Amino acid sequence: MVIMEWSTGVFESMGVRVQESYDSLIPKEGVEIYRIDQSASECDNPYIDACWGSQRRTSPALSGEDDPVLHVQGLGEGVWWGDSETDPDRYELNVIERYGDTFIIEIAPGNDYPTFTDVPTDSFFYVPVRWAQSWEITAGVGEDRFGIRSGLKREEMITFLCRAYAPDECTRTQYDGSAYFTDVPGDHWANTTIGWAFENGITSGVGNGLFGMGQTLTREQTMAFLHRAEGEPDTGTLGTDHYDDVPPNADAWYQTPIGWAYDQGITGGTADRTFGFRSTPSREETMLFMCRTLDRAICPPSKEPVMPTARKS
């Protein structure tokens with residue numbers, strides 16, 4: 001089944017792989033998506049105008065450094081499909097049911113949100129920002145602007161995490177951040193999400209009964225929040241194993257989250273062996289970190305450093 005034709009002779013196709021017969025040892029069952037390129041320029045036989053049969057160049061449509069079966073969508077999984085460099089929400093493909101060796105998929109148009117006027121389509125952060133917008137993690141700062149080059153406050157990041165991980169919980173009045181932190185007003189817009197984050201172990205504040213309202217988020221705090229939201233997995237390395245600017249206290253709260261973030265390809269720092277400790281990530285960098293954590297198909301993991309975008313003063 002062809003699901004996307006990019007240009008003449010270049011298209012994507014779906015198939016099903018199950019652990020039977022000669023495929024009994026494949027690592028994952030599900031719907032697999034491949035890109036097939038039979039254009040003359042990519043053909044194994046350059047002397048003809050098109051490719052046929054074994055001469056076609058076939059490759060997984062999605063690939064990741066640490067996930068060789070990223071192109072396979074199992075039951076309950078899905079992917080946004082389209083040209084992810086310019087239109088990540090063209091449509092969604094979800095695997096919703098399985099009957100024996102048959103998988104039922106659902107294809108639906110993506111949400112049609114207005115484009116942020118301050119997010120260039122050729123920027124590295126276009127896809128993660130549009131991803132966050134389509135999942136209603138952020139609506140920007142108003143007037144069709146995302147707010148690039150601005151830093152995030154701690155309460156803003158906590159709210160983004162609640163919308164990403166537990167959207168139905170973000171407005172429940174049972175959560176009361178002011179009950180745990182003296183600097184959180186009960187009528188503040190982030191009171192509920194801060195309460196949710198405390199009760200789910202994502203933050204315990206900055207000490208002395210304070211959440212740190214209004215404080216600008218640092219890169220290490222960002223990794224710690226994401227790490228806790230993911231259930232605090234331990235990949236076995238520390239921040240100091242990868243970066244020279246991470247303070248060497250092996251028991252510090254930031255060590256495991258930074259090491260985990262590097263191992264998972266969520267961030268490769270800001271330069272060679274430089275994490276950017278105590279620096280402030282921009283809003284767009286934070287969306288990249290979240291997208292790489294939550295949707296590896298849309299935002300493939302990478303351990304390459306990304307130069308931080310200049311912040312507004």
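What you see is a predicted model; the values in this text were computed from it and never measured. In this chain, residues are counted from 1 in sequence order.
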Visitor: Ignoring hydrogens and geometry, is there a side-chain-to-backbone donor-acceptor pair from Thr286 to Ser282 under 3.5 Å?
Guide: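 Yes, the answer is positive, given that a donor and an acceptor are paired below the 3.5 Å cut-off.
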Visitor: For Tyr243, run the ring-ring contact (aromatic ring centres under 6.0 Å, His included) check against Tyr254, Phe277, Phe275 and tell me which one passes.
Guide: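 Among Tyr254, Phe277, Phe275, the one that satisfies the ring-ring contact (aromatic ring centres under 6.0 Å, His included) with Tyr243 is Phe275.
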Visitor: If we only count heavy atoms from C-beta on, is the Glu284 to Arg149 side-chain gap below 4.5 Å?
Guide: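 Of all side-chain heavy-atom pairs linking Arg149 with Glu284, at least one is under 4.5 Å.
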Visitor: Answer yes or no: is there a donor N or O on one side and an acceptor on the other, between the side chain of Asp183 and the main chain of Met213, under 3.5 Å?
Guide: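 It does hold such a pair.
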Visitor: Would you find a donor on one side and an acceptor on the other, under 3.5 Å apart, between the side chain of Asp118 and the backbone of Ile148?
Guide: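 The answer is yes, because a donor-acceptor pair under 3.5 Å joins these two groups.
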Visitor: For Tyr175 and Glu199, test the side chains for any donor-to-acceptor distance below 3.5 angstrom and give the result as yes or no.
Guide: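 Result is no, nothing qualifies.
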Visitor: How long is the span from the CG atom in Asp245 to the CZ atom in Arg273, to the nearest 0.5 Å?
Guide: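 Reported to 0.5 Å precision, the distance equals 9.5 Å.
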Visitor: Taking the basic N atoms (NZ, or NE/NH1/NH2) and the acidic carboxylate oxygens, is any pair closer than 4.0 Å for Glu169 and Arg172?
Guide: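 So Glu169 pairs with Arg172 through a salt bridge.
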Visitor: Under 3.5 Å, is there a donor-acceptor pair between the side chain of Ser134 and the main chain of Trp131?
Guide: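 Absent.
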Visitor: Test of understanding: clusters of I, L, V, M, F, W, Y form through side-chain heavy atoms closer than 4.5 Å, transitively. Do Trp253 and Phe198 belong to the same one?
Guide: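 Looking at the clustering, Phe198 is in the same group as Trp253.
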Visitor: In Å and rounded to the nearest 0.5 Å, what is the CZ to CE distance from Phe160 to Met287?
Guide: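 Phe160 atom CZ to Met287 atom CE measures 4.5 Å (nearest 0.5 Å).
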Visitor: Within the structure provided, determine whether Met223 and Pro281 are in side-chain contact (heavy-atom separation under 4.5 Å).
Guide: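 The answer is no, as the side chains (C-beta and beyond) never meet within the 4.5 Å cut-off.
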Visitor: Does the Gln255 side chain pair with the main chain of Asn249, one donor and one acceptor, at a distance under 3.5 Å?
Guide: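 Pair found, side chain donor or acceptor close to backbone of Asn249.
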Visitor: Tell me if a side-chain donor or acceptor on Thr222 pairs with a main-chain N or O of Thr218 at a distance below 3.5 Å.
Guide: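 Indeed, once roles are kept as given, a pair shorter than 3.5 Å links the two residues.
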Visitor: Can you find a heavy atom in the side chain of Tyr165 that is under 4.5 Å from one in the side chain of Glu230?
Guide: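 They are in side-chain contact.
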Visitor: Counting distance only, does the side-chain N/O of Glu32 pair as donor-acceptor with the main-chain N or O of Gly15 below 3.5 Å?
Guide: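 No, the answer is negative, given that no donor and acceptor are paired below the 3.5 Å cut-off.
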Visitor: With the 4.5 Å side-chain cut-off for hydrophobic clustering, are Ile266 and Val306 part of the same group?
Guide: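 Yes, Ile266 and Val306 fall within the same hydrophobic cluster.
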Visitor: Would a distance-only check, ignoring hydrogens and angles, find a side-chain to backbone donor-acceptor pair under 3.5 Å from Gln73 to Gly30?
Guide: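 No: the side chain of Gln73 does not pair with the backbone of Gly30.
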Visitor: Can you see which heavy atom on Val16 is nearest to which on Val31, and at what distance?
Guide: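 Heavy-atom minimum between the residues: CG2-CG2, 4.5 Å.
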Visitor: How long is the span from the CD atom in Glu77 to the NZ atom in Lys28, to the nearest 0.5 Å?
Guide: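 Rounded to the nearest 0.5 Å, the CD-NZ separation comes out at 3.5 Å.
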Visitor: Can you find a heavy atom in the side chain of Leu226 that is under 4.5 Å from one in the side chain of Met157?
Guide: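 Of all side-chain heavy-atom pairs linking Met157 with Leu226, at least one is under 4.5 Å.
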Visitor: Find the distance between CD1 (Ile96) and CD1 (Ile105) and round it off to the nearest 0.5 Å.
Guide: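 One gets 9.0 Å once the value is rounded to the nearest 0.5 Å.
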Visitor: Quick one: does Arg296's side chain have a donor or acceptor within less than 3.5 Å of a partner on Leu70's backbone?
Guide: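 No, Arg296 side chain to Leu70 backbone: no donor-acceptor pair under 3.5 Å.
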Visitor: Quick one, Ile158 and Phe211 - any side-chain contact, counting heavy atoms below 4.5 Å?
Guide: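 Touching, per the 4.5 Å side-chain cut-off.
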Visitor: For the atom pair CE (Met307) and OG1 (Thr270), what is the distance rounded to the nearest 0.5 Å?
Guide: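 So the CE of Met307 and the OG1 of Thr270 are separated by 7.0 Å.
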Visitor: With distance as the sole test, does Thr117 use its side chain to make a donor-acceptor pair with the main-chain N or O of Asp144 at under 3.5 Å?
Guide: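 Between the backbone of Asp144 and the side chain of Thr117 there is a qualifying donor-acceptor contact (under 3.5 Å).
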